[in-house]
S.K.: 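First the structure, which I've put down as structure tokens, then a few questions once you've had a look.
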Number of protein chains: 2
Amino acid sequence: MPPNLQPVFRALGDPTRRDILRMLGQEPMTVAQVSDQFDMTRAAVKKHLVMLSDGGLIHVERRGRETINSLNAAALKPAFDWLGWFDQFWEDRLAALQIAIEKDISNDTGHNHD
Amino acid sequence: MPPNLQPVFRALGDPTRRDILRMLGQEPMTVAQVSDQFDMTRAAVKKHLVMLSDGGLIHVERRGRETINSLNAAALKPAFDWLGWFDQFWEDRLAALQIAIEKDISNDTGHNHD
DNA sequence: TTTATGTGATACTAAATGGTATTATGTCAA
DNA sequence: TTGACATAATACCATTTAGTATCACATAAA
């Protein structure tokens with residue numbers, strides 16, 4: 001069965017939640033650490049975290065009296081792939097990714113980039 | 001200035017609107033043609049079209065008594081790129097695109113893969 | 001000109017969203 | 001054990017959202 005895109009795109013519809021995802025992409029954080037970054041109450045941030053968890057975009061683990069929120073990036077892949085369908089309409093569609101791939105290839109050949 | 005992601009991700013948060021975008025990716029359609037594909041009133045579909053237009057995701061042109069809605073795929077690119085940041089967490093992240101690029105490279109070197 | 005058609009605009013409703021404030025609960029530390 | 005701390009849960013509120021129904025308007029067709 002195909003992954004359910006709806007909760008993922010729903011979660012991405014809010015800028016606070018997108019920011020949280022980027023933050024958790026750097027490192028796992030407690031609820032307090034996340035909410036310290038925003039000008040809103042901890043309860044409000046917590047609700048965003050619940051939505052992200054419901055959509056499977058983050059993993060939540062209770063450790064003692066604090067809970068660690070960590071990114072589950074795999075859940076974003078289907079949304080990325082969905083948007084990738086429109087790739088056919090973009091001129092420079094492979095530009096950014098091609099750079100990364102060429103780097104891999106040059107690594108294979110032993111070239112040095114430092 | 002960076003493109004404003006918010007109206008784009010907002011628009012993508014609804015399944016009807018995502019379906020409309022895919023449909024318009026096939027061909028431009030009038031309001032009636034679009035709403036015929038959904039089990040809701042024309043007014044409801046029209047509101048979705050307005051949101052898509054507000055976010056710059058479609059182009060709307062009045063021709064006589066009908067209005068042609070066409071995809072503006074370029075507006076989706078920033079959302080795709082935003083999600084592409086998480087690319088670093090995906091294992092098979094470049095698989096599909098890498099095939100296409102390797103074909104380009106082999107074309108450059110004159111290799112033949114047929 | 002009349003009539004039918006495609007659309008836009010408005011008012012309305014129920015439910016979801018994004019936020020606050022408050023209270024309760026479990027856990028670490030002195 | 002007491003107190004501070006991190007979090008969870010709940011109730012509440014204003015706004016937005018997603019839908020309906022209805023009416024007005026411009027345009028194509030008879």
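So you know, we letter chains A, B, ... as the sequences are listed, proteins then strands, and number each from 1.
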S.K.: Separation of B/Lys46 atom NZ from D/dA18 atom P, in whole Å?
M.R.: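 These atoms are roughly 16 Å apart.
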S.K.: Atom CG of B/Asp14 and atom C1' of C/dA15: how far apart are they, to the nearest Å?
M.R.: 14 Å
S.K.: Using a 4.0 Å heavy-atom cut-off across all strands, classify B/Thr67 as base, sugar-phosphate, or nothing.
M.R.: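 B/Thr67: backbone/sugar contact only, no base atoms under 4.0 Å.
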S.K.: Can you see if the side chain of A/Thr30 gets near the phosphate of D/dT7 - specifically, an N or O under 4.0 Å from OP1 or OP2?
M.R.: yes
S.K.: Check this one for me: any side-chain N or O of A/Thr41 less than 4.0 Å away from OP1 or OP2 of C/dG19?
M.R.: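 Answer no for this pair, as no side-chain N or O of A/Thr41 is under 4.0 Å from OP1 or OP2.
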S.K.: Specify the separation, in whole Å, of atom CD of B/Glu66 and atom P of C/dT7.
M.R.: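 Atom-to-atom, B/Glu66 to C/dT7, this comes out as 6 Å.
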S.K.: Taking for each residue the nucleotide of DNA chain C bearing the nearest heavy atom, is the 5' side occupied by B/Arg10 or by B/Val60?
M.R.: B/Val60
S.K.: Check the hydrophobic clustering (I, L, V, M, F, W, Y; side-chain heavy atoms under 4.5 Å; chains of links allowed) and say if B/Leu21 and B/Ile68 are grouped together.
M.R.: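 Not linked; separate clusters.
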S.K.: In whole Å, what is the span from the CD1 atom of A/Ile68 to the P atom of D/dA6?
M.R.: 12 Å
S.K.: What's the closest nucleotide to the A/Ala43 side chain, out of D/dA21, C/dT7, C/dA21?
M.R.: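 Side chain of A/Ala43 sits closest to C/dA21.
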S.K.: In Å, rounded to the nearest 0.5 Å, how long is the span from CG of B/Leu76 to CG of A/Leu83?
M.R.: 6.0 Å
S.K.: How many whole angstroms separate atom CG of B/Leu49 from atom P of D/dT17?
M.R.: 16 Å
S.K.: In whole angstrom, give the distance that lies between atom CG of A/Leu52 and atom P of C/dG18.
M.R.: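 Atom-to-atom, A/Leu52 to C/dG18, this comes out as 11 Å.
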S.K.: Nearest whole angstrom, please: distance from the P of D/dA18 to the CD of A/Gln6.
M.R.: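 It works out to 9 Å between those atoms.
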S.K.: I'd like to know if B/Leu57 and B/Val50 are part of one continuous hydrophobic network [Ile/Leu/Val/Met/Phe/Trp/Tyr, side-chain heavy atoms within less than 4.5 Å].
M.R.: no
S.K.: Using atom CZ of A/Arg65 as one end and atom C1' of C/dA29 as the other, report the distance to the nearest whole Å.
M.R.: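 Roughly 8 Å, once rounded to whole Å.
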S.K.: For B/Arg63, report the nucleic acid contact type (base, sugar-phosphate, nothing); a contact means any heavy atom under 4.0 Å.
M.R.: nothing
S.K.: Over 60° means perpendicular and under 30° means parallel, so tell me whether B/Phe80 and A/Phe80 are parallel, tilted or perpendicular.
M.R.: parallel
S.K.: Contact class for B/Ala32 (heavy atom, under 4.0 Å): base, sugar-phosphate, or nothing?
M.R.: sugar-phosphate
S.K.: Could you please name the option among D/dT7, D/dA18, C/dG18 that lies closest to any side-chain atom of B/Met51?
M.R.: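 The answer is D/dA18, which lies nearest to the side chain.
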S.K.: Choosing from C/dT7, C/dA4, D/dT20, which nucleotide comes nearest the side chain of B/Met40?
M.R.: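 The closest nucleotide is D/dT20.
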S.K.: Can you see if the side chain of A/His48 gets near the phosphate of C/dG19 - specifically, an N or O under 4.0 Å from OP1 or OP2?
M.R.: yes
S.K.: Please tell me whether B/Phe86 and A/Val8 are part of a single hydrophobic cluster in this structure, the criterion being side-chain heavy atoms less than 4.5 Å apart.
M.R.: yes
S.K.: Classify B/Lys47 by what it touches in the nucleic acid, base, sugar-phosphate, or nothing, heavy-atom distance under 4.0 Å.
M.R.: base
S.K.: Report yes if at least one side-chain N or O of B/Arg62 is closer than 4.0 Å to OP1 or OP2 of D/dT27; otherwise report no.
M.R.: no
